[in-house]
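Worksheet: one structure, shown below.
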Amino acid sequence: MFQETDYSISLQEFQLLNPKLNQGLQIMMLINGELTVETNSRFYTLEEKDLLVINQNQLYQIESNNKNKVVVVTLSNEYMDKYYPAYKDYRFECFSKEIDMGRVHLVKSIRKLLAEMLISNYRRDESYKVEMQSYLSKILLILIRGFKQKALSTEKHNLDNPRITQVITYIEENFREAITLEDTAKKFYISASYLSRYFKQEMDIGFNRYLTKIRLNHAVKDLLYTSHPIGQIAIDNGFPSAKSFTTLFKETYNDTPKIYREKHQKSVTDVVKIHSHEDTLELKQSRDILKKLQIFLNEDVIDSFENTEWRSEELIIDVSLYKNQKEEIVTPNHSLSIGELKEVLREDVRSQLLMTKKYLGLDYVSVSRLIYGSTITPAVETDEDVATTSPYYNADFALAFLQKHGISLFISVDYQEITENEQQYFKELEGVLKHCLNVNGRSFLQSWKFMFYEPATTVVSEAEMSRVYLKLYQTIKRLIPKTNVGVFFPFSIGMKKLIKNMSGY
């Protein structure tokens with residue numbers, strides 16, 4: 001059952017808010033004035049109408065040198081756990097100054113809902129509780145569908161290595177649990193001894209030391225910005241006991257947790273004025289605030305998600321008109337360019353691909369530099385019984401996802417990529433195609449399309465272009481005869497004739 005303790009909403013005026021560790025989810029909308037919000041990762045300068053989301057366990061502080069009015073809505077951890085338990089694994093990246101044009105209407109929707117919440121909070125008529133629950137649910141739904149990202153709680157690491165990124169992400173998401181090197185190795189189907197060497201090589205720190213570092217980083221925040229008992233902080237951050245936590249903490253910070261808290265915890269007074277719902281008269285007398293709220297209420301908003309209206313027209317196709325004709329009814333194929341194939345490993349890219357396929361139809365993912373890009377990596381030493389660190393490790397994961405969801409590859413190959421090291425390129429290409437035939441099957445590869453191209457500014461001769469294209473064509477067709485291999489570049493009549501003659505190759 002929805003409780004008023006699940007949330008808070010207020011109109012606040014900030015001069016100084018000292019560093020705090022945010023509990024739950026906090027949404028701030030500036031009605032007038034300016035203020036600066038500093039988190040543990042960056043600064044945000046908010047001006048009128050700006051919107052900012054502060055996430056769970058995010059350290060933040062606020063300063064302002066002028067008068068301001070800010071609507072602040074906080075959803076408690078209990079509320080988030082009850083209605084959106086997946087929140088612990090995600091964060092919402094929502095700062096109105098930095099969103100793309102495609103999501104401007106979502107910010108307008110949130111502004112309008114916050115304005116309605118504030119007015120309802122002050123009015124408090126008989127439908128007050130129902131209204132507040134409705135507004136909160138709609139805001140949360142917009143954030144989930146439009147601004148959700150996978151949470152990574154630590155500093156940036158080697159993002160160019162997808163495999164180590166997967167291990168780091170696993171640690172970050174599970175550091176509160178009793179995870180071990182052996183458990184993690186089993187999770188990724190490798191031996192513990194290999195993971196230990198591999199992790200140290202990539203991160204310049206041992207697995208267990210890194211895990212302890214993550215746990216201590218979070219524990220320090222709890223010490224300084226909460227009043228939780230030290231024993232609770234130890235358990236909350238994955239330490240088996242308060243004693244082990246104290247021992248490890250002292251090794252790193254040269255003080256016990258208790259002494260460290262006493263030395264560093266600040267007790268500076270915050271300078272924040274909160275207008276409660278009893279301040280109805282003051283709110284009504286502030287014509288400026290009422291005008292601003294009215295602007296938000298009157299903004300031209302396209303309802304998000306649940307109230308979207310789709311325009312449609314009835315299209316009638318009389319199949320009988322075609323029964324004596326051999327022509328097929330052709331529908332267009334849709335392709336989405338993502339850069340290199342390894343981008344499919346990113347969760348946000350996969351989500352976009354699935355959404356595009358669902359709502360627009362998606363047949364192909366267009367990729368470039370398949371051979372000399374960073375998707376196919378150099379082989380590394382391994383002591384695994386079944387090697388999982390082959391050069392095709394990243395490609396296998398990406399292609400398995402595409403194949404599962406019925407999406408094929410449109411591969412762009414340019415002249416320069418091939419001729420950087422022509423002999424090596426065709427050796428690598430043949431190896432990739434043979435590997436994919438074994439792993440993904442011939443029918444999947446037959447749906448792929450290859451396009452050879454060269455920019456309009458090329459100075460390469462027609463004969464040279466023809467030679468390279470022909471070699472590419474023959475290499476691919478020898479292994480996958482039914483795959484399409486086309487061209488897109490400035491070519492003469494002679495080149496046209498060559499390509500036309502190859503149609504039966």
Side-chain angles (χ1 to χ4, degrees), residues 21 23 40-41 55-59 77 80-81 84-91 148-223 226 228-253 257 345-347 350 380 382-389 393-394 397:
L21 191 65
Q23 303 295 321
N40 47 349
S41 59
N55 289 279
Q56 181 184 31
N57 296 326
Q58 190 169 20
L59 189 63
N77 283 328
M80 298 300 294
D81 287 340
Y84 186 53
Y87 175 58
K88 63 181 182 296
D89 298 323
Y90 293 94
R91 67 181 187 275
K148 181 181 73 173
Q149 291 189 14
K150 195 71 174 177
L152 291 177
S153 55
T154 59
E155 66 273 13
K156 297 291 183 182
H157 44 76
N158 187 6
L159 295 177
D160 291 331
N161 187 330
R163 190 172 200 192
I164 204 67
T165 300
Q166 291 172 346
V167 176
I168 295 298
T169 301
Y170 176 75
I171 295 173
E172 291 175 339
E173 292 175 352
N174 296 278
F175 73 89
R176 294 182 177 87
E177 310 299 328
I179 59 174
T180 63
L181 174 68
E182 289 73 19
D183 293 336
T184 307
K186 289 179 182 178
K187 170 79 175 175
F188 293 96
Y189 306 103
I190 56 179
S191 68
S193 59
Y194 172 70
L195 176 59
S196 178
R197 295 197 309 274
Y198 183 60
F199 193 94
K200 181 68 178 292
Q201 172 187 319
E202 295 294 326
M203 300 297 294
D204 295 324
I205 185 174
F207 178 92
N208 289 325
R209 286 189 63 189
Y210 185 84
L211 176 59
T212 299
K213 176 184 174 183
I214 298 299
R215 289 170 170 166
L216 287 174
N217 285 347
H218 285 270
V220 166
K221 291 180 183 180
D222 289 346
L223 279 173
T226 75
H228 297 165
I230 290 174
Q232 180 185 340
I233 291 174
I235 300 301
D236 287 347
N237 291 283
F239 295 96
S241 65
K243 182 178 179 181
S244 65
F245 169 54
T246 299
T247 300
L248 291 167
F249 190 95
K250 190 171 182 179
E251 288 177 0
T252 303
Y253 295 99
L345 300 177
R346 292 172 45 187
E347 183 176 350
R350 294 198 299 271
V380 296
T382 175
D383 61 358
E384 303 161 280
D385 295 331
V386 179
T388 58
T389 53
Y393 178 85
N394 297 330
F397 272 89

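A quick note: this is a predicted structure, and the numbers were derived from the prediction, not measured.
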As an exercise, state the distance from [atom1] of [X] to [atom2] of [Y], rounded to the nearest 0.5 Å.
X: Lys213; Y: Thr252; atom1: NZ; atom2: OG1; result: 10.5 Å
X: Tyr170; Y: Lys187; atom1: OH; atom2: NZ; result: 6.0 Å
X: Asp183; Y: Glu177; atom1: CG; atom2: CD; result: 11.0 Å
X: Gln166; Y: Tyr393; atom1: CD; atom2: OH; result: 4.5 Å
X: Asp222; Y: Asn217; atom1: CG; atom2: CG; result: 11.5 Å
X: Glu202; Y: Ile168; atom1: CD; atom2: CD1; result: 10.0 Å

Could you label the plane-to-plane angle of the Phe239 and Phe245 rings as parallel, tilted or perpendicular, counting under 30° as parallel and over 60° as perpendicular?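 It falls in the tilted class, 30° to 60°.
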Which atom pair, heavy atoms only, marks the closest approach of [X] to [Y]?
X: Ile171; Y: Phe199; answer: CD1-CE1, 4.0 Å
X: Pro257; Y: Thr246; answer: CD-CG2, 3.7 Å
X: Gln23; Y: Thr226; answer: NE2-CG2, 4.0 Å
X: Gly231; Y: Ala242; answer: CA-CB, 4.1 Å
X: Tyr210; Y: Met203; answer: CE1-CE, 3.9 Å
X: Leu216; Y: Leu248; answer: CD1-O, 4.2 Å

Sequence-distant partners of [X], side-chain hydrogen bond (donor to acceptor under 3.5 Å, both in side chains), two or more places apart:
X: Ser196; answer: none
X: Ser244; answer: Ser241
X: Asn174; answer: none
X: Glu182; answer: none

Would you say Phe188 and Leu195 make side-chain contact, with heavy atoms under 4.5 Å? no
Does any part of the side chain of Leu223, heavy atoms only, come nearer than 4.5 Å to the side chain of Ile230, both counted from C-beta? yes
By side chain to side chain contact (heavy atoms under 4.5 Å, CB included) - contacts of Arg209 (at least two apart):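 Ile205.
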All side chain to side chain contact (heavy atoms under 4.5 Å, CB included) counterparts of Ala86, not counting sequence neighbours: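 Tyr84, Tyr90.
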Sidechain-backbone polar pair: Tyr253 side chain, Val220 backbone, donor-acceptor under 3.5 Å: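 Not confirmed, Tyr253 side chain does not pair with Val220 backbone.
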Closer than 3.5 angstrom, by distance alone: can the side chain of Arg215 be matched with the main-chain N or O of Arg176 as a donor-acceptor pair?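 Answer holds: no.
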